[in-house]
Amino acid sequence: MGVELGHKFSQAILHPHGIGMKTWGDISRRLNNESTLSLKMARPFLLHGVALCPGGFGSQIPIPRSGSEELLKSKLGIISSYADATEGFITHGWITNIEKYGCFVRFYNGVQGFAPRSELGLDPGCDVSSMYHVEQVVKCRVTSSIPVSRRINLSFIIKPARVSEEDVVKLGSLVSGIVERVTANSTIVNVNFKGYMKGTISSEHLADHHGLSALMTSSLKQGYEFDQLLVLDIEGSNLILSAKHSLINSAQKLPVDVTQVRPHLVVHGYVCNLIETGCFVRFIGRLTGFAPKNKATDDRRSDLSEVFYIGQSVRSNILNASSETGRITLSLKQSLCCSTDASFIQEYFLLEEKIAKLQSSHSKGSELEWVDNFNIGNVVEGKVHETKDFGVVVSFRKYNDVFGFITHYQLSGITLETGSTVRAAVLDVARIERLVDLSLKPDFVDVLKGESSDVQTQKKKRKKEAHKDLEVHQTVNAVVEIVKENYLVLSIPEYNFALGYASITDYNTQKFPPKQFVNGQSGFGSKWFIWCSVIATIMALPTPSTSGRLLLLLKSISEVAETSTSKRAKKKSGYNVGSLVQAEITEIKPLELRLKFGSGFHGRVHITEAVDNNVTEDPFSSFRIGQTLTAIIVSKSNMTEINRRNYQWELSIKPSMLTGSSEIGDRLMNRDFKYTVGQHVTGFVYKVDAEWVWLAISRDVKAQLYILDSSCEPTELQEFQKRFFVGKALSGYVLSANKEKSLLRIVLHPLVAVYNGTLGHEDDSGNLSTANATSHIREGDVVGGRISKILPDVGGLLVQINPHLYGKVHFAELTDLWVSDPLSGYHEGKFVKCKVCAISFSAKSTLHVDLSLRSSLNHMDDQKFGGLSDNVNSSSQRVEKIEDLHPNMVIQGYVKSITQKGCFIMLSREVDAKILLSNLSDSYVENPQKEFPIGKLVIGRVVSVEPLSKRVEVTLKTSGAITVSKADINDFNSLNVGDIISGKIRRVESYGLFITVDHTNLVGLCHVSQLSDDHIDSIETIYRVGERVKAKILKVDEDRHRISLGMKRSYLGDDIDTQTPSRQRSDDAIEDNDLVGTESMHQNNISKIKNVDILSEVEEHPILAEMESRASVLPLEVPLDDEDNSEMDNIVNQQRECINEAKTIDEKNKKLAQKKTREDREREIRAAEERLLEKDVPKSADEFEKLVRSSPNSSFIWIKYMAFMLSLADVEKARSIAERALRTINVREESEKLNIWVAYFNLENEYGNPAEDAVLKVFQRALQYCDPKKVHVALLGMYERTEQHKLADDLLYKMVKKFKQSCKVWLRRVHWLLKQNVDGVQSTVNRALLSLPRHKHIKFISQTAILEFKTGVADRGRSMFEGMLREYPKRTDLWSVYLDQEIRLGDMDLIRALFERAVSLSLPPKKMKFLFKKYLEYEKSVGDEERIESVKRKAMEYVESTLT
């Protein structure tokens, strides 16, 4: 089936939604200039560097532009699916990724294959990247294919060399080779095998022992010959070889494919890779098994890299092998894979001998002739060269560079002086170090004393006698003579003290901490003197293959089989409870000693039976395996327990039990459970889980400590499981006891009350009663808590302080400082330090606990809060009770509720206050709910306090906040309602006149409704500032300092004639105005001196300010409470009509005036803030110290302090300030701490030496305290700002591995690659989609597509949007973003085609309306009338179609 291409234009193979053309001229130049061409649909068509395949648009694959010509001209077949890849098929592809082990090659339709290094045609030691590069077009051959698994194996060697079957070396075979050269990581050898010239041995494969591998690498020289090398793999004509003794010896047993593997088989191999979840072990070729983390070690260590290394020789136990999937599951546990022979130590001694020969300067190794004179067991003569604290150094006359060493234990009590001559027995010879271990013990030396005939003959005779009765696989008791780094030197007393050697470690335990052994003897008390012995099995008698040594294999005593004699002895045993026994320690565990006594009896000493009091930390530290001790039997286990525990007797070594054993034998059988609440107990930790610490109080009684009872410090609670380890001694007080379960609940501090000494109890469910739950908690205690719930609005927090007890933290008790959002930094599950403020019971006996998180109450920062200066603003003070309040006091609080009449604010946990609507602001509040939302922090002054009724009223006005003087109070007393007063107009407002009363400092308000009996249109045209008037006092409010006046003719009567018209007193007005101006200037100067923010005439007259604020409130406004305002009712009724008229006239002027006032006020505040900032910037270290003491949690201040020190060139001081800040800032302020860490990054990046290492050290520390993701992002931002591209790239590479489920991190990686214009965007996107959760895919793909449009390749962005829209065609948000990106590029044809596709979809009307509207807006901006009408017509057609 084909598509005919016409002479001028071709029929384009395009995706269903996009239109694209390619002119025939372009095609003919690339192909063959034929007029007509039939193209097979199977071959993809190349347009603009994009391969369009039969699968449609979804199968488009970007190909490298550099190789498009070669791909286009290729006449080879193509691979467009995994089924097309048949063995031997040759085709072209392009490299997408290069690794050290091979290359990944891409074909069409996303098909991908892999070419291993062995198939790349490289020379030995050659780097892959030096021969190939990404996007290179290569010709390759399919060697194998598994379509089901989507795997294709390739080879770049098109025609492999034909080698006869005889010349083909097989995997797992043994070859020999000669060293050609040695590199840092490998050794190149010339292989003695036909058809293969070269071989490579990696450094790890030179030896089974990790330490000897490095020595062998440094000692190898050109020309050294390996007799046996194992072929691990074949790379072309190059062999991958191994010199490991374990692999060579088991070459015939090593599996080559999965069919040769069966379960429970123990096979030698080597570690080829380590990941977080397990360990990969390789055998021969590419056959690899996987050991999961829980199967890798017996103790399930957290980090496998600490116990294994790449290249390590291991023994693996096959758990499962699937021939279908090719997967092999292994176990590397030492309990399943321990050695059954002495091959591990045998290879050690053989390789040590080889290395010593290689290090010899003479080719024949003449320097090692000294070894022949120091045979093991021989007695040699030397001179004491030097005496040291750890032993004696001996020199030899014949060999100046060979030294002997005698440990204190081997001196056998003999004192040697420097220069004296000694005769000592040779215990061990270290050829590499040229060191001989000697002994003066009579057991080794006296055998040969007095026999002067022939020392060598006597030595051989003694040695023959010692070994004559020893047999392979015989089990013997041996004494530790010397503890070496990798092995033990042992003597066998039963066989004439024959010397043997046993390895301390095994193949799988090379990096494990070695088991502790003691040289020779150890004592117990003053009565017993014992051997430090071990049990071992004879594995090899002395031969040249063992370097002339007797090789042993250590064996645990517990593994020794019981003989029939011991079984009969057990039956005849007469041990009873209370009997004293001599027991030998066989095993030491954190919580018990395992003992053996009698004829094969086993028992244990529980940790609580070691000392009389459980206070001693680690009571087993003074004991050693093999030590003999006296114990008393305290219990005998039943048969079920014996089978479960593997021991029969419970023993005790308490001194009090041993000395009074005859008296307490009967009492050991009856142990009563007697514990009282408040009793002090001590135990040892035996288990720690997420919530509880479990302790052993005795062998049968357990106790538990709850996490929140363990500390009150959040940092300690976070590290709960780290603070308590198995075996730790811990004391506490009994809170409750469960006799049936033999279980106690304890706390760490004494209880408040013990309830008359009665036993605490638990209910049927195991929960404590309410009384017991709080018996250890009282008011004023500082306890640890965990946030259980964040309550809505200003509800505060619900904090757990016990397993079943919760307390509430009031909204005002969250922080010490008044902050706008006190809940910031808190989240559910966070540990906090809190103080118990109150404990109470409701009528239903429900317990209520009030808590506080204020650090000043918790005494966490006593110095910080105690050292504040006296001039701290009183507004930051806390009001604990209503008695602390007084009128005119500045307070702060949080809005609790809001209504149309005002709001309530919370001043503290117990005190609330009300604010009338008229007191919310100096200006009109249009929407109280919007301007004063619940939880908002406000500052105001107390207006009135009523302690009896517990009512507090507060105002937020600033103009009326000045304290009234005593003279003003006296003036108020002299005024009475009905008096006629005279004064001057102070201010003219639209709502009335402010009048200063003569001979006083008081100002009254004459409302517009009280000016005249007739209606007044405009007050400003009648009255002027400074004009003298008379008025009648209508009301005097002394509490609120307000005076209401009236100027109606009906009020004044005859006094009206005394008033002078305004026209006649124009001169007086001018004069008064001048006076007002002078006073205003004077007040302005005073304000500047006092740093007053707002300069106003109101400050000069507090009563004027009060009256002005009152005037802004209409008489119809009522207070929040039920106060009686009957005095105002008459005035309100009389004035209502006038007010309504005045309101209509003055509304416009009032709005303009308010707007102007607000603008002026904002300008004044800004100017005041600038003046304060300029004035208050610290100029010295002392000023900064004061500032950080007042705001210790402000990262801004700390960073300014650091910058100040850097300006003085004191870098060390800046570092110390950063450290102080990190210690000082509260742990709850994580964002503040993060700011300090970022500043620290920048500091070290600028001044560190070297900067990179210094930044990384700070970075590692920051990870322990802050959110790791935020810390990584912060460091990345610094690298990007400072243009450290290499470090940024490395960090991003780690981030996408560590935070692989973070969409933000993957987007940063994509953005970085696009900015740097490097390859790998597509592979990164693919990896991200595999790692990210499904619900994040749309977000990631859409954001990546936007990045492609902005900084990358727009075609890739289109492909991503198209792929999403195929899956989610009804997502109008995706359509909108896609359209926005295309509109930004400006290709109108493409944009209109996209709009046409969008509006042709069948979507709900609401979504279609959005699309049509967007289409219409676009055409209005760039199109003509015809196109606009076209869009409208299509919209109407859609509407009509939906209606029908």
Side-chain angles (χ1 to χ4, degrees), residues 3 5-6 8-24 45 47-48 50 52-60 1337-1350 1352-1444:
V3 176
L5 301 182
K8 186 176 180 182
F9 290 97
S10 67
Q11 305 259 350
I13 302 175
L14 299 170
H15 56 85
H17 305 297
I19 304 298
M21 283 293 181
K22 188 79 175 176
T23 62
W24 175 247
F45 192 56
L47 294 184
H48 299 292
V50 177
L52 305 181
C53 298
F57 190 85
S59 58
Q60 291 189 21
H1337 282 192
I1338 292 180
K1339 177 184 176 182
F1340 173 74
I1341 297 174
S1342 60
Q1343 294 296 322
T1344 303
I1346 292 172
L1347 291 174
E1348 288 282 11
F1349 269 101
K1350 291 183 177 179
V1353 181
D1355 286 339
R1356 287 203 296 252
R1358 292 189 184 97
S1359 299
M1360 293 178 184
F1361 275 121
E1362 292 291 345
M1364 286 190 294
L1365 289 174
R1366 276 197 304 276
E1367 191 170 355
Y1368 306 100
K1370 297 185 178 182
R1371 290 285 297 263
T1372 52
D1373 55 340
L1374 295 179
W1375 282 104
S1376 178
V1377 175
Y1378 190 7
L1379 287 165
D1380 288 339
Q1381 300 309 311
E1382 292 291 0
I1383 291 171
R1384 190 177 61 82
L1385 292 182
D1387 189 342
M1388 289 190 290
D1389 293 336
L1390 191 56
I1391 295 168
R1392 289 192 174 104
L1394 196 57
F1395 268 121
E1396 291 295 333
R1397 284 173 55 197
V1399 298
S1400 64
L1401 297 173
S1402 179
L1403 300 177
K1406 188 175 181 180
K1407 294 185 177 181
M1408 292 302 295
K1409 178 182 178 182
F1410 168 77
L1411 293 173
F1412 275 116
K1413 185 177 179 181
K1414 193 176 185 70
Y1415 194 2
L1416 185 61
E1417 290 175 352
Y1418 174 73
E1419 291 297 352
K1420 286 181 178 179
S1421 62
V1422 299
D1424 51 18
E1425 289 297 331
E1426 182 180 352
R1427 291 191 177 275
I1428 294 173
E1429 291 302 322
S1430 175
V1431 175
K1432 291 180 179 179
R1433 185 169 56 256
K1434 290 177 181 177
M1436 290 303 298
E1437 291 173 358
Y1438 169 78
V1439 173
E1440 292 172 358
S1441 64
T1442 55
L1443 293 176
T1444 59

Report task. List in chain and number order the residues that pass side-chain contact (heavy atoms from CB on, under 4.5 Å) with Asp1389, two or more places apart in sequence or in another chain; answer none if no residue qualifies. Result -> Asp1387
**Report entry** Exam field: side chain Ser1376 to backbone Asp1373, donor-acceptor pair closer than 3.5 Å
**Finding:** no
Report task. Sort and list the pairs that fulfil ring pair (Phe, Tyr, Trp, His ring centres under 6.0 Å) and have at least one residue in residues 1367-1386, not counting sequence neighbours. Result -> Phe1361-Tyr1378
Requested in this report: Could you tell me which residues satisfy side-chain contact (heavy atoms from CB on, under 4.5 Å) with Ser1430, sequence neighbours excluded, listed by chain and number?
Outcome: Arg1433, Lys1434
**Report entry** Closest approach of Pro1369 to Leu1401 (non-hydrogen atoms, all atoms of both residues)
**Finding:** O-CD1, 3.6 Å
Requested in this report: Carefully, step by step, assess Arg1371 and Ile1338 under the rule side-chain contact (heavy atoms from CB on, under 4.5 Å).
Outcome: CA-CA 11 Å; Arg1371 290 285 297 263; Ile1338 292 180; 3.3 Å; yes
Requested in this report: For the pair Lys1350 and Arg1384, evaluate side-chain contact (heavy atoms from CB on, under 4.5 Å) and give the outcome as yes or no after the intermediate values.
Outcome: CA-CA 9 Å; Lys1350 291 183 177 179; Arg1384 190 177 61 82; 3.5 Å; yes
Requested in this report: Please name the pair of heavy atoms, one in Gly1357 and one in Ala1345, separated by the smallest distance, quoted to 0.1 Å.
Outcome: O-CB, 3.7 Å
For residues 1405-1418, dump all side-chain donor-acceptor pairs below 3.5 Å to protein atoms at least two apart in sequence or in another chain.
| residue | atom | partner | partner atom | Å |
| --- | --- | --- | --- | --- |
| Lys1407 | NZ | Lys1370 | O | 3.0 |
| Lys1414 | NZ | Asp1380 | OD1 | 2.8 |
| Tyr1415 | OH | Glu1396 | OE2 | 2.8 |

Query raised in the report: So, are Glu1437 and Lys1432 salt-bridged, with charged N and O less than 4.0 Å apart?
Result: no
Requested in this report: First locate atom CD of Gln1343, then atom CD of Glu1348, and finally report the distance between them rounded to the nearest 0.5 Å.
Outcome: 12.5 Å
**Report entry** side-chain hydrogen bond (donor to acceptor under 3.5 Å, both in side chains) partners for Glu1382, two or more places apart
**Finding:** Arg1358
Report summary line: Value for CZ (Arg1366) from CE (Met1364), rounded to nearest 0.5 Å, stands at 10.5 Å
Query - From CD1 (Ile1346) to CD1 (Ile1341), nearest 0.5 Å - result: 12.5 Å
Query - Residues which pass side-chain hydrogen bond (donor to acceptor under 3.5 Å, both in side chains) with Glu1419, listed by chain and number, not counting sequence neighbours - result: Arg1392
Requested in this report: Measure the CE-CZ distance between Met1388 and Arg1427 for me, rounded to the nearest 0.5 Å.
Outcome: 8.0 Å
